[in-house]
Amino acid sequence: MTADAGDAQRLTEVLRANAESLIDKWVSAVAGLLRGRSTKTELERDFREFFTALLPLVGSDGRDVGGPRFTEIRSLLEEYSRSRVRAGFTPTETASSVFSLKREVFELTQDDPSLHREVLVFSGLLDSLGLLTFESYARVREEIIREQAEQLLELTTPVVKIWEGVLAVPLVGTLDSARTQVVMEKLLESLVETGSEHAIIDITGVSAVDTQVAQHLLKTVVAARLMGAECIVSGIRPQIAQTIVALGIEFGDIVTKASLADALRHALRREGVDVVRREVG
Amino acid sequence: MERVPILKIGGVLLVSIQIDLHDQSVLALQEDLAEKISATGAHGVVIDISAVEIVDSFIGRMFATIASISRLFDADTVVVGMRPAVAITLVELGLTLGGVRTALDLERGMKILGQLGRQRRGVLPHSGELERDF
């Protein structure tokens with residue numbers, strides 16, 4: 001459906017002539033929709049930019065929305081959509097911001113039947129642009145999720161030095177292959193860096209232990225042993241101990257302790273450090 | 001073919017691997033080492049692999065083989081300075097080096113051999129020096 005150039009020209013003229021009132025109504029409609037979460041001044045600034053970028057595109061039915069002519073409006077919409085996501089707006093609200101213009105243009109042109117065909121094309125264009133906001137919305141969401149997953153991976157695996165020659169890794173949450181890999185590498189590297197001969201892997205915060213998790217733990221311990229360091233596993237909770245026994249997981253000659261304190265005492269003793277209680281008072 | 005030098009420090013032989021190991025050089029090293037231990041009567045062998053970045057199963061088995069050879073001459077073997085990536089690779093390959101002792105660095109490795117040597121000679125260790133067994 002392509003409109004002839006004359007009609008497109010005429011619609012552009014009409015839109016340009018009524019730009020002010022059109023933008024005004026558009027802003028009011030969207031502001032009502034967003035229930036005051038966005039100020040009219042902000043909306044007006046954004047929409048004025050859209051409108052300016054949109055005018056030269058009148059006459060296109062939006063099928064070539066990926067083309068070079070649309071670069072400007074695409075980046076505008078992307079930016080708009082991006083800021084909306086971060087501010088917590090729903091995709092419907094974001095897309096409706098674009099669709100709302102349709103109603104205003106329909107009202108403006110309803111008395112001129114010669115423009116109807118052209119308005120239909122224009123409406124197709126707005127549909128494509130609305131979908132574009134939805135797409136960038138989804139993309140931004142995925143970016144956020146990916147960022148957070150990476151941050152989670154980094155944040156939840158600290159290796160801390162708790163004594164000269166003793167490192168501790170408090171594991172929290174669910175252990176999967178990717179996370180265990182990170183923990184393993186970080187722990188082994190820290191052992192080399194600090195020259196520590198003992199490491200305590202504390203699993204108090206681990207919600208569940210299955211054969212796979214146990215396998216990962218065992219691998220870490222064996223790798224540390226290959227490098228000349230000893231690992232102690234601590235913080236096995238009663239339910240987890242039952243699961244481990246029920247699953248028939250063998251910890252072999254790996255030292256396991258009930259609590260981090262016990263594990264530390266054990267490590268210190270192996271380091272040749274004696275902890276003595278002093279009479280107080 | 002490059003050969004790995006074997007250095008003698010007291011009663012200990014130091015093998016510091018600083019080249020990319022190929023199967024041939026591994027075999028040559030095992031031969032050289034057997035001859036050197038028998039010639040010097042060393043009581044310990046330290047293999048320093050802190051410069052080794054890549055291992056395969058053949059090299060992994062080399063450590064166990066060297067340990068077995070040394071044991072025949074009544075010498076102890078300590079592998080020192082294994083990098084994290086190497087340790088992970090060996091674990092993934094399912095190699096645990098059997099009874100080979102390991103240490104974080106050369107200094108600690110020499111200390112372990114010193115303790116073992118003293119035990120061997122029947123000298124009682126100073127208190128706290130030997131790893132206590134609990």
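Just so you know, these numbers use all the heavy atoms, side chains as well, and skip hydrogens, waters and symmetry mates. Numbers restart at 1 for each chain; the letters A, B, ... are given by sequence-line order, proteins then strands.
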**OP:** Mind running side-chain contact (heavy atoms from CB on, under 4.5 Å) on Glu197(A) and Leu104(B) for me, showing each step along the way?
**Re:** CA-CA 7 Å; Glu197(A) 284 187 347; Leu104(B) 282 178; 3.9 Å; yes

Over 12 non-hydrogen atoms of neighbours within 6.0 angstrom of [atom1] in [X]:
X	atom1	value
Glu164(A)	CD	no
Leu247(A)	CG	yes
Phe73(B)	CZ	yes
Arg69(A)	CZ	yes
Glu2(B)	CD	no
Glu107(B)	CD	no

Original post:
Are the side chains of Pro84(B) and Met227(A) in touch, meaning some heavy atoms are under 4.5 Å apart?
Top reply: yes

Original post:
By a 4.5 Å heavy-atom criterion (distance strictly below it), what part of Ser196(A) contacts chain B: side chain, backbone, both, or neither?
Top reply: backbone

Original post:
For the candidates Leu191(A), Leu218(A), Thr220(A), Leu188(A), which exhibits the highest count of non-hydrogen atom pairs separated by less than 4.5 Å from chain B?
Top reply: Leu188(A)

**OP:** Start with the C-alpha gap between Val192(A) and Arg83(B), add the side-chain angles, then the distance that decides, and say whether side-chain contact (heavy atoms from CB on, under 4.5 Å) holds.
**Re:** CA-CA 8 Å; Val192(A) 176; Arg83(B) 291 179 174 226; over 6 Å; no

Original post:
Do you know which two heavy atoms are closest between Ala223(A) and Ala87(B), and how far apart they sit?
Top reply: O-CB, 3.5 Å

**OP:** Determine the minimum heavy-atom distance between Leu95(B) and Leu226(A), stating which atoms define it.
**Re:** O-CD1, 4.1 Å

Subject >> Name of the residue among Leu90(B), Ile88(B), Val91(B) meeting side chain to side chain contact (heavy atoms under 4.5 Å, CB included) with Val222(A) >> reply: Val91(B)

